[in-house]
Amino acid sequence: MKFPPGFKFGAGTSAYQIEGAWNASDKGISIWDNALHNDPNLVSDGTTGDVACNSYHLWKEDIHIAHELGLHFYRFSISWTRILPTGFPNKISKDGINYYNKLIDGLLRKGIEPVITLQHFDLPLSIQNLGGWTNPLIADWFADYAGVVFSNYADRVKTWITINEPHMVCDLVYNFAILVPIVTEPWLGPFLCNKNVLMAHAKAWRIYDENYKQKYHGKVSIANNPIWLEAKTEDDEDLAELAREFGVGRFSDPIYSEEGGWPPAIEKLMIDYSKKQGFPYSRLPLFTEEEKKLIKGTYDYYSLIYYTSRLVRPAHEGEEPGPWFINGSKELNVILETDPRWPITDSSYILINPEGIRRQITWITRRYKNVSILITENGLGTKSAELHDTARIRFIQDHLQQILLAIKEDGANVVGYTVWSLMDNFEWIFGQTLRFGLYHIDFTDPLRKRTPRASAHYYKSIIKHHSLDVPHPSQVTRELRHSNAGSSKFSLCTLIGLITLGKLVSNSL
Ligand code: NOJ
């Protein structure tokens, strides 16, 4: 149950989801600011990130709770338009730079390592107006932005993530249009975006590598978020592997494989399929040799985000696969299904399969030569705001158990784990209705009071003992319920138990 020495525990957030202060000082407009001001119906409860957790003003509170938990690192993102109000490097915001300086220094003073994501969904509107991730020039615009950020913070920040969840940014956006920018363009959208994201990442990685690596010894990666794809039956194994290459492989092989470039089977499949559809070129844009070389090897670790899994099977005759990556793929003629044994959650596409994280880790380990892996997100979203969040505790415990198995049984080099999220925040199209926090946020309180949940207590204890072998708050709750069941004192005893547990939680934090 012990984690390897040096294994690090953290928690994560992102700028738009927590900062608020959308127009403070000279901050520019992001695509989320713009979309939600123009169409509040995009979000289920009509909320926006205008104030969110108000972390722009309450950043000291965030450091305080991160410290209470005993986090080794805190993953947060930088708002591109807070640093570069126009999206471009013609103007650098002093206040923007200063805000993250205060946060970084404050964390370091408490012994917490800052882990920074450069781009977490909140693209500058100016760049979206020029086509966003489908315009190849974005690679240079992103590199310019990355250069400014590195030049200000690389002396203190050693772990970097260039782009968050390219799978969402490209495949989910252009196939489903349920994230901003609300653009459906499944023909070329996902694939142009795929290539441009990789080029942008590679250029930023090279800027760090050439200018800062030798001096500061930091690490840079891109945060991939594959859904683990399990073959439905033994006969579907080859198809499942092809689907993995189409999913995680398209975003990883060009960076991590020895040969570079798209997974060969996928490149061929897309050339043939595009031809059949009447395209005179592949919908998956091919790399030149130079581009392949530019992207290949641009990693220092693998940043892995894991939430859920799907089963893969071939589409039956007459069955139309839905768009990749939640329902299936027309290109592969596959259907993605859920397994009835995986518990459903309040987050519509997330079903719980902790074994999936182990399988995904070992897949990456085998394919990319035992690369070191940092789990940069994993967590449970609930509609309930309750403080005694036993389901979240269970989720974290079960996933950490599988990570330990991946390390100890499969020889994977997993170096750390990040709970999503440090606190409840603005959960994109679900607004404030879906809560992922170790800390509860009172969104009705102007001070956005942060209150630890039972899961915060549990996580703190794991960090402290560097082990999963720790007292389990949910167990205490369950035992209390059990031992008092049937007795007339049941509710009172349970209540006392819960109050004691509550005190334990708040005292120890
Ligand atoms: C992944 C995203 O990076 C994050 O922004 C989001 O809140 C969580 N998943 C939960 O959906």
Side-chain angles (χ1 to χ4, degrees), residues 10-20 30-32 35-36 42-45 47-49 52-53 55 62 74-80 115-123 133 160-173 176 178-181 197 201 221-228 247-248 251 303-309 325-326 344-352 356-357 360 374-384 389 391-392 395-396 399 417-439 441 443 455:
T13 61
S14 89
Y16 186 77
Q17 294 180 275
I18 64 161
E19 284 178 6
S30 80
I31 54 174
W32 279 87
L36 303 194
L42 287 176
V43 173
S44 54
D45 58 358
T47 58
T48 69
C53 305
S55 289
D62 298 346
Y74 172 43
R75 176 188 173 208
F76 60 94
S77 81
I78 289 189
S79 154
W80 186 333
V115 170
I116 292 189
T117 312
L118 295 172
Q119 225 304 279
H120 197 123
F121 297 173
D122 52 350
L123 211 61
W133 287 110
W160 297 91
I161 293 162
T162 52
I163 298 152
N164 185 63
E165 297 197 335
H167 229 79
M168 297 301 233
V169 172
C170 299
D171 293 359
L172 192 83
V173 164
F176 290 91
I178 52 174
L179 276 184
V180 175
V197 154
H201 158 81
S221 180
I222 180 170
N224 275 322
N225 63 307
I227 289 180
W228 169 247
V248 61
F251 292 94
S303 160
L304 174 66
I305 292 178
Y306 174 81
Y307 285 93
T308 193
S309 300
F325 64 92
I326 292 177
I344 52 172
T345 72
D346 291 339
S347 177
S348 48
Y349 86 102
I350 296 177
L351 291 97
I352 305 178
I357 198 169
Q360 189 63 71
L374 176 63
I375 308 295
T376 42
E377 269 186 51
N378 177 241
L380 180 68
T382 57
K383 284 189 180 144
S384 156
D389 54 343
R392 184 167 295 105
F395 187 97
I396 293 171
H399 284 81
Y417 174 80
T418 315
V419 170
W420 188 271
S421 173
L422 176 61
M423 58 195 154
D424 296 338
N425 53 54
F426 177 80
E427 178 54 27
W428 309 115
I429 55 166
F430 300 103
Q432 293 166 0
T433 63
L434 205 55
R435 294 168 180 263
F436 280 83
L438 293 170
Y439 279 70
I441 295 280
F443 288 108
S455 57

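For ligands, and for the atoms within them, numbers begin at 1 and follow the listed sequence.
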Taking [X] for the side chain and [Y] for the main chain, is one N or O donor matched with an acceptor at less than 3.5 Å?
X	Y	answer
Glu427	Gln432	no
Ser77	Leu118	no
Asp389	Ser455	yes

Show the short N or O contacts, below 3.5 Å, that ligand 1 makes with protein N or O atoms; if there are none, say 'none'.
from, atom 1, to, atom 2, distance (Å)
ligand 1, 3 (O), His120, NE2, 3.0
ligand 1, 3 (O), Asn164, ND2, 2.8
ligand 1, 3 (O), Glu377, OE1, 3.4
ligand 1, 3 (O), Glu377, OE2, 2.7
ligand 1, 5 (O), Gln17, OE1, 2.7
ligand 1, 5 (O), His120, NE2, 2.8
ligand 1, 5 (O), Trp428, NE1, 2.8
ligand 1, 7 (O), Gln17, NE2, 2.9
ligand 1, 7 (O), Trp420, NE1, 3.1
ligand 1, 7 (O), Glu427, OE1, 2.5
ligand 1, 9 (N), Tyr307, OH, 3.4
ligand 1, 9 (N), Glu377, OE1, 3.1
ligand 1, 11 (O), Glu427, OE2, 2.6

What I'd like to find out is whether the side chain of Tyr16 reaches to under 4.5 Å of the side chain of Thr48, using heavy atoms alone.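 Answer yes - side chains close enough.
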In chain order, what residues pass the side chain to side chain contact (heavy atoms under 4.5 Å, CB included) check against Ser221, with sequence neighbours excluded?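 Testing Ser221 for side chain to side chain contact (heavy atoms under 4.5 Å, CB included), a comparison that skips the adjacent residues, returns Tyr256, Tyr301, Ser303.
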Which of these, Tyr417, Tyr306, Tyr307, sits in a side chain to side chain donor-acceptor pair (under 3.5 Å) with Asn378?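 Looking at Tyr417, Tyr306, Tyr307, the match for Asn378 under the side chain to side chain donor-acceptor pair (under 3.5 Å) is Tyr417.
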